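Note sheet for the following structure.
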Amino acid sequence: MGSPRGSVTMYCCILALLLPLVAAEESCHHIKLPVHHLIRTGSFVGTVDLYKCLHPDEAVVGTSNSNFTIEHVDFAFALYATKRVKMPNPVSLGIILQNQNSKKERIVAVTLVPETNAGKERYTRELLRRTKRRWSPLPIIFNENYRGKFPCYLERVQSDTQVQYDLIYTISGPGVDQPPVGLFQMDPKTGDLYINGIVDREEYPSFPLTVYATSVDGYSPESPLTLPVVIEDDNDNAPVFTEAVFCAEVMEHSKAGTIVGRVNASDRDEPKTRHTLLRYYLLRQIPPSPLLFAVNAEYGIVTTLSNSLDRETLDHYTLILEVRDMGGSIGCLSSTGTMSITVVDMNDFAPIFSESSYQTEVNENEYGMVILRIPVTDNDLRDTSNWKAVYTITQGNEKRFFNITTDPKTNEGLLSVVKGINYEEDKRFLLQVAVANEVSLMTPSGTKTSGSNTIPVTVIVKDVDEGPECQPKMNEVFVQENQTIGTLITEYAAIDPETKSSTGIRYQKLTDPLGWVNVADNGRITTAQLMDYESKDVPNHKYNVTFLATDASGKTGTCTVVINLTDLDEHGPQLSRSSGTVCTNGRTSDSFEIVDKDASVNKFPYRVQLDSSVDARVQNQWRITQENGNSVRIENAGNDVGTYVVPMKITDHLGRVTTENVGISVCNCPDGQNCVSSRTGSSTALGGLAILVMVLSALLLALLLCLLLACLCGAGAGKGNLGYVDDAAQQNLIVANTEAPGADVMDPNFKVPITIISSNKSGNAQSGSYDQSGQEMTQIKHQQISTSKMTDHHLKTGGGMGTLHSMGGMGTLHSMGGGHQRFDSSRQTYSEWQSFMNAHLGDKLYVCGQNEDTQHGEDYVVPYNYEGRGSAAGSVGCCSELRGDDDRMDFLNHLEPKFRTLAEVCAKK
């Protein structure tokens, strides 16, 4: 802890630092400003220093007294008067400070104290004066259509700074230097503003003029003043309807007060004034009587006055309307408009028959024609749902002989016959026909009814001489198949409708597709052939025969006999197939269907069992499972692979038994479902075509062999004719008739079959077959000798790639495993090497092709370069690229001594 004197010193220092802040805060609580006892509108009141009062997030937003306003001017806040204020006593107001984040407000109090010795006013009239930034004048009002003298004085604008400066006043803006140019002018010395002509408010409602006050030397003690000139409206525009003709519709018989429509008008005068306060009036109605409509004066809504609107009496009305401004008072302006009202039809009239009853006639057996047209009348609007009629037959049409429709053009009812009438059965019909509209009928009280009217219609059937008729017209009989020829099927006689007799009627067949029946003159129908129930030509086992019956007068009639064939039990049940397969694993059963050609329902269901009468062991070898009435499953009970005969008995519901022997093959199934046949000892007999194919194949193979031999012989002859001498120097140059592919050959490997002898020497050669001496012979097929990747290191060490060098019958094979194998020098002679090369490399060295002059190509030789310029393998194959002495010497110096003989041979090239 410090000393008491130190603590006192520290507190004094802190207090000294806080005193200015406290003083500043105290100065913000109350501010006093001395003012003149008369403050004019727009005059400067005083400057308030609020920076020491404002917090960082606060801003000045206004004052609590509407007679004063505060503005930010030149790093200070200036207080101005918005109205004329007399100051006999001090006036208190508050400056509002608002926090921009929290929106909280606080008030800084300001008291305006009037001075006792106020100075003399400069002007006797109040001037628009400002000493800082803005002058804030009130708008100047000028009446449009002013008819007085021009230029007309409007207002004087002056600045308080003219006490210190000689000011020149100028203006700009619309009406000065913008259209309409020259409408306003200002006296530069006095600041008097004048207008020079009439102004139309509808075209120019106001003019925002800008006033400038500058000294003679161009200094501007005042900022530009915006002086608005507002043109006061004059009622010089009459209201006008928005449409030339307003169209509306109203339903007939509508109740009083029903809204028909609304009219609208507009006025160019100033809105929300009496000049645009519109009222609507109904001047007259066409036709004038009775008066059926009214209009609301304030809103222009047209309504009905009664429910007497009747479209059948009058379907159109015209209203002449008037609209007035100034609320319709004296001195208002007005205009007229028109509303066209159409009365919409409603179904208030029911269709009415023109007659009280109708009668018509129709011949028997005639149908498909209109026998009567029934007209109606309806006063509703034509071709509408209120007018269109709908006809129905309410009585007398129980047998459905008649139908009635509507003629769309005439609205008449069309009564027609839809099927023939037999006079002997019906001689007269009494029909009741009703008619109504498509929509319901509206009564005067407003309820809906059907509006249906009825009328009786009598239809008389006229007798006509008819042909014979069969009774019944279609006779259906049942006949068992395979009946004896001549068996009676039925007696089907026709009668005359008038005489009710069959005398004198003759018969003949019209249709008998299979010729199964005969018909006699007395109508007896007998079988002409055996009828087959299973015939494919008789679908559904129904056979139709049509006959023609002719009476004595020659009139005819047709009769039809439907023969339903019944099955004769001549077939027993049997399986759908006689063989099947099962697996020793997986699918160990096979399913069979039971069929019966008779297809008699009396024989179903069937019973299936194993027949053990021949071999009792079958019960232990197979199991029978009957899945349903006509399906059975045979399951293997342990039989091995082979073919078996399973005897079965099938018994139908009538007790008939059929024996079936089913061949079941038991086989191996890799997938558990499908058998794999393993037939052994089976003989196959070839047909003549197969033998012919085999002979032709043998001939073709012989022909191909002959062609191959000819090609080989031709190639050997071609080589012999070239006459190349067996020379050791050329033992590595094999002549070929294959044109060298050029420098673009992409295969870098040289494939040569090599035989390795004396494998008992050190090395890693693969073991192979042995010759008679016990020596291991290893054939390395397609040993790749690279012509592009072997380096001088490979030649010396043989590492990584085997390279064959031949010299004086001695060869060395550098194997893949390091080390080397040596050939037997006593057996490796020149002729053997030549034979080996001719036999194995003649068709391999295709990259060493010849040109058209049978000369070795130049692009197959890769020169030896111990510094990486070429490949050692190339020097072994061909040496034609070792052209210079330097190349030869480099080549000789870097070969092992035992290979120099071969190198010298190559160097001679």
Side-chain angles (χ1 to χ4, degrees), residues 347 350-378 385 387-441 448-477 492-502 544 546-547 549 551 555-562:
N347 189 21
I352 301 174
F353 290 105
S354 302
E355 303 291 338
S356 59
S357 64
Y358 291 92
Q359 180 176 318
T360 185
E361 296 179 347
V362 62
N363 293 330
E364 67 171 329
N365 299 326
E366 290 183 355
Y367 62 93
M369 75 285 292
V370 176
I371 61 175
L372 182 64
R373 300 179 73 94
I374 305 175
V376 294
T377 57
D378 194 326
S385 299
W387 175 81
K388 293 179 180 179
V390 178
Y391 297 87
T392 55
I393 302 175
T394 59
Q395 293 180 10
N397 193 30
E398 288 77 11
K399 296 183 180 180
R400 305 298 178 185
F401 286 120
F402 305 98
N403 185 37
I404 189 167
T405 58
T406 304
D407 188 330
K409 294 183 179 180
T410 63
N411 215 26
E412 294 176 318
L414 306 179
L415 182 64
S416 59
V417 181
V418 294
K419 63 180 180 178
I421 306 173
N422 191 350
Y423 173 80
E424 287 70 28
E425 296 180 359
D426 300 291
K427 296 179 176 58
R428 177 188 294 267
F429 293 89
L430 181 60
L431 306 178
Q432 195 77 14
V433 177
V435 65
N437 291 124
E438 291 183 351
V439 297
S440 301
L441 179 70
K448 293 183 179 181
T449 63
S450 62
S452 177
N453 292 320
T454 59
I455 189 175
V457 177
T458 303
V459 180
I460 300 174
V461 181
K462 297 175 64 176
D463 185 23
V464 178
D465 187 13
E466 302 172 274
E469 296 180 353
C470 294
Q471 299 295 334
K473 192 170 185 178
M474 179 178 291
N475 188 16
E476 190 168 2
V477 297
Y492 196 17
I495 62 173
D496 191 328
E498 282 76 23
T499 63
K500 304 298 182 182
S501 173
S502 300
N544 297 337
T546 305
F547 303 95
D551 60 11
K555 290 185 171 53
T556 61
T558 58
C559 305
T560 302
V561 176
V562 180

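Counting from 1, the numbers follow the sequence of the chain as shown. All of these numbers come straight from a predicted model, not from anything done at the bench.
- Considering only heavy atoms from C-beta on, Phe402 stays 4.5 Å or farther from Val457 through its side chain.
- The distance from atom CD of Glu361 to atom CD1 of Ile371, rounded to the nearest 0.5 Å, is 10.0 Å.
- Among all heavy-atom pairs drawn from Gly451 and Pro351, the shortest one is O-CD, 4.1 Å.
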| said: Walk me through whether Leu415 and Ile393 qualify under side-chain contact (heavy atoms from CB on, under 4.5 Å). | reply: CA-CA 9 Å; Leu415 182 64; Ile393 302 175; 3.8 Å; yes

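- Residues forming a salt bridge (charged side-chain N to carboxylate O under 4.0 Å, His left out) with Lys419 (at least two apart in sequence, or on another chain): none.
- Within 6.0 Å of the OH atom in Tyr367, the count of heavy atoms belonging to other residues, nucleotides or ligands does not exceed 12.
- Every residue meeting the side chain to side chain contact (heavy atoms under 4.5 Å, CB included) condition with Thr454, not counting sequence neighbours, appears here in chain and number order: Gln432, Ala434.
- Not a single ring-ring contact (aromatic ring centres under 6.0 Å, His included) links Phe547 to another residue, sequence neighbours left out.
- Checked against side chain to side chain contact (heavy atoms under 4.5 Å, CB included), Lys427 has the following partners two or more places apart in sequence or in another chain: Tyr423.
- Applying the side chain to side chain donor-acceptor pair (under 3.5 Å) test to Asn363 and every residue at least two apart in sequence or in another chain returns Glu366.
- Remark: Leu441 engages Asn347, Ala350, Thr449 in a side chain to side chain contact (heavy atoms under 4.5 Å, CB included) (not counting sequence neighbours).
- Under the rule for a side chain to side chain donor-acceptor pair (under 3.5 Å), the partners of Asp378 that lie at least two apart in sequence or sit in another chain are Asn437.
- If you take CE on Met474 and OG1 on Thr560, they are separated by 5.0 Å, rounding to the nearest 0.5 Å.
- Scanning for ring-ring contact (aromatic ring centres under 6.0 Å, His included) contacts around Phe401 gives Phe429, with sequence neighbours left out.
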| message | What verdict does the side-chain contact (heavy atoms from CB on, under 4.5 Å) test give for Thr405 and Asn403, after you've listed the backbone C-alpha separation in whole Å, the side-chain angles of each residue and the deciding distance to 0.1 Å? | response | CA-CA 7 Å; Thr405 58; Asn403 185 37; 3.8 Å; yes

| message | Evaluate Lys388 against Val439 for side-chain contact (heavy atoms from CB on, under 4.5 Å), listing each step before the verdict. | response | CA-CA 9 Å; Lys388 293 179 180 179; Val439 297; over 6 Å; no

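- Shortest non-hydrogen contact noted between Phe353 and Val433 is CZ-O, 3.9 Å.
- Ile455 CD1 to Leu431 CG: the interatomic distance, rounded to the nearest 0.5 Å, is 11.5 Å.
- With sequence neighbours excluded, the residues satisfying salt bridge (charged side-chain N to carboxylate O under 4.0 Å, His left out) with Glu476 are Lys542.
- A distance of 14.0 Å separates CE in Met369 from CG in Leu414, rounded to the nearest 0.5 Å.
- The side chain to side chain contact (heavy atoms under 4.5 Å, CB included) check on Ile495 picks up Gln471, Ser502, with sequence neighbours excluded.
- For residues 389-418, the pairs satisfying salt bridge (charged side-chain N to carboxylate O under 4.0 Å, His left out) are Arg373-Asp407, Arg373-Glu412, Lys399-Asp426, with sequence neighbours left out.
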